[in-house]
S.K.: 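Handing you this structure, nothing more for now.
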Number of protein chains: 2
Amino acid sequence: MADQISAAVRRRRDPASTREAILAAARALMAERGPEAMTISEVAHRAGVNRGTAYQHFRTRDELAAAVMHGFGQRLTAMLTEQSPVGERIDRFLAFFVEHPEFARLWIYDMLASPDGAPSDSWRVFVTTLEGFAQASDTQPGIDPEMLARILVGAPLFWSLWVQKSTVDDDDRRRAVARFAREIKRLLLFGVMKPEQWTSMVSELDGGEGAQ
Amino acid sequence: MADQISAAVRRRRDPASTREAILAAARALMAERGPEAMTISEVAHRAGVNRGTAYQHFRTRDELAAAVMHGFGQRLTAMLTEQSPVGERIDRFLAFFVEHPEFARLWIYDMLASPDGAPSDSWRVFVTTLEGFAQASDTQPGIDPEMLARILVGAPLFWSLWVQKSTVDDDDRRRAVARFAREIKRLLLFGVMKPEQWTSMVSELDGGEGAQ
DNA sequence: TCCTAAATCAACAACACTGTTGACTAGAAT
DNA sequence: ATTCTAGTCAACAGTGTTGTTGATTTAGGA
């Protein structure tokens, strides 16, 4: 690619929004083809910015990537710390990845790359939550929160990749969430919770019987 | 990197094993940093082969990548079609990814890239198996095999990433498999199977109670 | 034993990306 | 109004990658 094709319209000066545009383009690109494949050239092109401008905001390619991952971790932690009943929580968790596919993908790419397995803050938050859950009186004894956490994150992440490719409209996606949530809830309800103490969830599952 | 550093020792002529060495190096590299990041230069270097030789065996970079993925799909399907009781099957499935980390990683990378969501043959094999399972009389009615398949593949895949980073010796890994298998089995036993018809699995779970 | 097809390799051109530099200019400060 | 800081941009050198070509060597058949 030539350094600049043509269209020598100078960008209106606005550092903050320029920075945000660069970050957004980088995030999208990293999610699409992986952090490794993110290129300053393409980021700048997508953001409608000169490549040199990107280097003004982020000293190196790696610094830009790190900035993206930082913002990502913050957002993720925020999502994981929102409190609500188990059932809704699952729905929100799934919906989040369906509505923000790039977050699921970024998380996956990060797990593939990072030495310890997950954006550490977010992960600790999640495991801690599950530890509380496992020790409550309405769940079965002998649950391994760390392993359960792996299941409850890994399965939705993997599933969300499929949702991205196989759904076209919002209705599709809502149905996909319901379908997957139902299986997850069944497993949780009978595998880790004490169903007799969660009658509303039992009836929710019985009610949605016809779903397919 | 210079085209060739030095060490002008000519490789002993042996096309078959050369090809295999190239494939192995490519597979390792693709699994490590993703298919996109695999370069012929590095593959050739790792395989101890001249870059030109690699081009002799595989016309283009993409052809090499495709060859790797083809072999991967075959191996995966073979693994998925091996028959055995549910419990053992889970153990084998987990052990496979722990013993061959590059397969888990390749599968994930492939899902991230492929438009339809999975190495199609292997996936169909797996879902078909689960369909049979879901219709048997010793499992609960109303199971969604496709969704269950996403869970039963996704969770182990991501878990295995963690295992790779957090275990050092074979004993560690055996313990990790046992720990995760226990959670998966509990979920399955109570969430999709009829426990009263799977007494041996129930007692296996009760027995391993002390596991941590 | 000799010959030849094929395997191995080094060097080349074309290209993309990285990080740097210096020019240009818009907006803030004086 | 003038100055000056800093946002924006084009061009440069350096490096790594791709795919190609032609030289060199060796395994194995005639």
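Heavy atoms only: backbone and side chains are in, while hydrogens, waters and symmetry mates are out.
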S.K.: Over how many whole Å does the gap from L64(B) atom CG to dT17(D) atom P extend?
M.R.: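 Rounded to whole Å, this separation is 14 Å.
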S.K.: Give me the distances for all protein-to-nucleotides 26-30 of chain D N/O pairs that come in under 3.5 Å?
M.R.:
unit_1	atom_1	unit_2	atom_2	d
dT26(D)	O4'	R13(B)	NH2	3.4
dT26(D)	O2	R13(B)	NH1	2.2
dT26(D)	O2	R13(B)	NH2	3.2

S.K.: Rounded to the nearest angstrom, tell me the gap between atom CD1 in I40(B) and atom C1' in dC9(C).
M.R.: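 It works out to 15 Å between those atoms.
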S.K.: Side-chain N or O of N50(B) less than 4.0 angstrom from OP1 or OP2 on dT8(C)?
M.R.: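 False: N50(B) side-chain N/O out of range (4.0 Å or more) of dT8(C) OP1/OP2.
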S.K.: Could you give the NE2-to-P distance, from H57(A) to dA6(D), as a whole number of Å?
M.R.: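 So the NE2-P distance, H57(A) to dA6(D), works out to 13 Å.
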S.K.: At under 4.0 Å between heavy atoms, what does T53(B) touch on the DNA or RNA strands: base, sugar-phosphate, or nothing?
M.R.: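 Since a base atom lies under 4.0 Å of T53(B), the category is base.
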S.K.: Using a cut-off of less than 4.0 Å, is there contact between a side-chain N or O of T18(B) and OP1 or OP2 of dT8(C)?
M.R.: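 Checking dT8(C) against T18(B), a side-chain N or O does come within under 4.0 Å of OP1 or OP2.
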S.K.: Below 30° counts as parallel, above 60° as perpendicular, anything between as tilted: where do the rings of F133(B) and W198(B) land?
M.R.: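 Perpendicular.
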S.K.: Nearest whole angstrom, please: distance from the P of dC17(C) to the CG of L29(A).
M.R.: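 So the two atoms are 11 Å apart, to the nearest Å.
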S.K.: Please confirm whether the shortest side-chain N or O distance from S41(A) to OP1 or OP2 of dT18(C) is below 4.0 Å.
M.R.: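 Affirmative; the distance criterion is met.
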S.K.: Taking atom P of dT8(C) as reference, at what distance in whole Å does atom CZ of F58(B) sit?
M.R.: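 Taking atom P of dT8(C) as the reference, CZ of F58(B) is at 12 Å.
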S.K.: Could you check whether E32(A) pairs with R46(A) (Lys NZ or Arg NE/NH1/NH2 to Asp/Glu carboxylate O, under 4.0 Å)?
M.R.: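 Looking at R46(A) together with E32(A), the answer is yes, because their closest N to O distance falls below 4.0 Å.
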S.K.: Looking at R51(B) and dG19(D), is any side-chain donor or acceptor paired with a base atom of the opposite kind under 3.5 Å?
M.R.: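 Present.
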S.K.: Between R61(B) and G48(A), which has a closest nucleotide on DNA chain D that is more 5'?
M.R.: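 Nearest nucleotide further toward 5': that of G48(A).
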S.K.: Heavy-atom nearest nucleotide on DNA chain D for R19(A) versus R59(B): which residue maps closer to 5'?
M.R.: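 Mapping each residue to its closest nucleotide by heavy atoms, the 5'-most match is R19(A).
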S.K.: Distance check needed: dC17(C) P versus E42(A) CD, whole Å only.
M.R.: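 To the nearest whole Å, that distance equals 7 Å.
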S.K.: Please pick, from dT18(C), dG7(D), dT18(D), the nucleotide with the shortest atom-to-atom distance to any side-chain atom of Y55(B).
M.R.: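 From the listed options, dT18(D) comes nearest.
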S.K.: Salt-bridge test for K185(B) and D91(B): reply yes if a basic N is under 4.0 Å from a carboxylate O, no otherwise.
M.R.: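 Salt bridge between K185(B) and D91(B), a charged N being under 4.0 Å from a carboxylate O: yes.
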S.K.: Answer yes when E183(B) and R186(B) have at least one side-chain N-carboxylate O distance shorter than 4.0 Å, and no when they do not.
M.R.: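 Here E183(B) pairs with R186(B) in a salt bridge, since their nearest N and O are under 4.0 Å apart.
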S.K.: When the ring planes of W159(A) and F180(A) are compared, do they come out parallel, tilted or perpendicular, using 30° and 60° as the limits?
M.R.: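 W159(A) and F180(A): parallel rings.
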S.K.: If we count only N and O atoms by modelled type, under 3.5 Å, do the side chains of T39(B) and R61(B) hold a donor and an acceptor together?
M.R.: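 Per modelled atom types, T39(B) and R61(B) side chains form no pair under 3.5 Å.
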S.K.: Rounded to the nearest Å, what distance is computed from the CD atom of residue E20(A) to the P atom of nucleotide dG7(D)?
M.R.: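 About 16 Å, once rounded to whole Å.
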S.K.: Does the plane of the ring in F158(A) sit parallel, tilted or perpendicular to the ring in W123(B)? Use 30° and 60° as the thresholds.
M.R.: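 Geometry flag for W123(B) against F158(A): tilted rings.
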S.K.: Can you check whether T39(A) has a side-chain N or O nearer than 4.0 Å to OP1 or OP2 of dT18(C)?
M.R.: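 Affirmative; the distance criterion is met.
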S.K.: Rounded to the nearest angstrom, tell me the gap between atom CD in Q56(A) and atom C1' in dT21(C).
M.R.: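 Those two atoms, CD and C1', are 12 Å apart.
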